[in-house]
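Accompanying notes for the structure given below.
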Amino acid sequence: RKGDKTSAVEALKQATNKAKDNNEFRFLFGKTMIENNMFSEGIEELKNVLKKEPDNTEYRYNLAMGYYLSKNYKAAIQEFNKVYSQDPSNESALFFAGKSYQAKKDYQQAIKAFEGCIEKNQNNDKAYYEVPRTYELMEKYDKAIEYYQKAISINPSIAMAFYRLGYIYKGKNNYKKAIGYFEQFLKIAPEDDLAPEVRDEIYDLKQAIQDIEEEEKASRQKKPEEEE
């Protein structure tokens, strides 16, 4: 509950003031601030602990996440890249650098980061999803379809890949394929928050198909009459 969180944060703040020289304790304080959306205070605390331990990748990663969550993507990229250069095994730092590039609309760098994640881990579902999502944001829809299909081949339970494919095919006016992908989404995630929206989309698309078929039927019936 919100009141309990506020009390816990306040208690930690008071304890931290008594332990000014305890870097680990101050790190936990800064991390807790960020987790409770108190970004400026948490970021400042983490910057201070890094002055004492600049090579601590855990501290720096949490600082980067603070910047990312507060939507300071430029600073987030800088810090995530520092973490990754210090620890090339930190796949999460590379992934969130990609997400930060994506948010800044630096799509080529985003794809490069996500593909780097995939090179490190062929089972990284999130990275497989973000590559086509980035192509979609670039309006390169055929490329997005190709990579969403790759993501599904790696893990057929990535519901959001089916969701996005549904909308891409809807945009291409291929309503039957769109319905197929939306239905796959519902099979995987029937209780997802997006499920009601998807059900509405399927209903609307089926109605659109019916309307088109009726128009075509009426057009075919009208043509022989005109020829007579």
Side-chain angles (χ1 to χ4, degrees), residues 1-2 35-37 65 68-71 73 76 91-92 94-219:
R1 291 176 299 178
K2 188 176 180 181
E35 288 170 350
N36 285 275
N37 299 326
M65 284 302 299
Y68 175 76
L69 293 170
S70 63
K71 300 183 179 180
Y73 299 118
E91 195 178 315
S92 185
L94 185 58
F95 177 81
F96 279 103
K99 288 290 290 179
S100 302
Y101 282 122
Q102 189 187 71
K104 279 179 62 63
K105 300 184 179 181
D106 189 345
Y107 297 132
Q108 293 297 342
Q109 285 297 324
I111 289 169
K112 185 178 177 182
F114 297 137
E115 288 182 339
C117 291
I118 293 166
E119 284 177 20
K120 288 183 170 295
N121 178 6
Q122 291 293 313
N123 297 313
N124 191 323
D125 298 344
K126 290 181 179 178
Y128 266 110
Y129 170 78
E130 291 298 341
V131 171
R133 180 64 184 136
T134 306
Y135 278 122
E136 191 180 354
L137 292 168
M138 296 168 74
E139 299 183 357
K140 294 185 176 182
Y141 299 115
D142 290 338
K143 202 79 173 172
I145 289 169
E146 177 188 343
Y147 278 85
Y148 278 130
Q149 294 288 6
K150 280 186 181 179
I152 291 166
S153 70
I154 297 296
N155 182 355
S157 66
I158 304 176
M160 284 303 295
F162 291 102
Y163 174 83
R164 294 308 321 163
L165 281 165
Y167 274 108
I168 291 174
Y169 278 108
K170 178 187 174 182
K172 285 176 167 285
N173 297 323
N174 190 332
Y175 296 158
K176 289 183 179 179
K177 266 199 170 181
I179 289 168
Y181 283 115
F182 283 139
E183 287 177 341
Q184 280 294 112
F185 171 85
L186 290 175
K187 281 182 184 178
I188 298 166
E191 304 301 322
D192 192 275
D193 290 344
L194 293 168
E197 171 199 320
V198 170
R199 290 188 181 97
D200 287 343
E201 285 290 350
I202 291 171
Y203 176 84
D204 290 343
L205 288 169
K206 284 183 176 179
Q207 187 62 53
I209 290 170
Q210 186 178 329
D211 291 344
I212 291 167
E213 288 174 347
E214 287 176 357
E215 285 177 13
E216 288 175 348
K217 184 179 178 182
S219 179

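Model, not experiment: these values are computed from the prediction. Residue numbers start at 1 and run along the sequence shown.
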TODO: In sequence, state the C-alpha distance, the side-chain angles, and the governing distance for Asp142 and Lys172, and then conclude on salt bridge (charged side-chain N to carboxylate O under 4.0 Å, His left out).
DONE: CA-CA 10 Å; Asp142 290 338; Lys172 285 176 167 285; 3.0 Å; yes
- [ ] Carefully, step by step, assess Gln102 and Tyr73 under the rule side chain to side chain donor-acceptor pair (under 3.5 Å).
- [x] CA-CA 9 Å; Gln102 189 187 71; Tyr73 299 118; over 6 Å; no
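Between Tyr163 and Phe182, the two ring planes are perpendicular [angle over 60°; tilted spans 30° to 60°].
Paired with Ile179 under the rule side-chain contact (heavy atoms from CB on, under 4.5 Å), one option of Ile209, Asp204, Asn174 passes, and it is Ile209.
A donor and an acceptor atom, one from each side chain of Glu146 and Tyr135, are nowhere located under 3.5 Å apart. No hydrogens or angles considered: a donor-acceptor pair under 3.5 Å links the side chains of Tyr148 and Glu136.
With sequence neighbours excluded, no residue satisfies ring-ring contact (aromatic ring centres under 6.0 Å, His included) with Phe162. Among residues two or more places apart in sequence or in another chain, the salt bridge (Lys or Arg N to Asp or Glu O under 4.0 Å) test is passed with Glu183 by Lys206.
Among pairs with a residue in residues 98-124, those fulfilling ring-ring contact (aromatic ring centres under 6.0 Å, His included) read Phe95-Phe114, at least two apart in sequence or across chains.
The two residues Pro132 and Ala144 come nearest to each other via the heavy atoms CB-O, 3.3 Å. Closest non-hydrogen pair, Tyr68 versus Ser100, comes out as CD1-OG, 3.3 Å. In this structure, Ile188 and Pro156 approach most closely via the heavy-atom pair CD1-O, 3.3 Å.
Contact annotation: the side chain of Leu194 approaches that of Met160 to within less than 4.5 Å [non-hydrogen atoms, C-beta and beyond]. Using a 4.5 Å heavy-atom threshold, the side chains of Leu186 and Ile202 count as touching.
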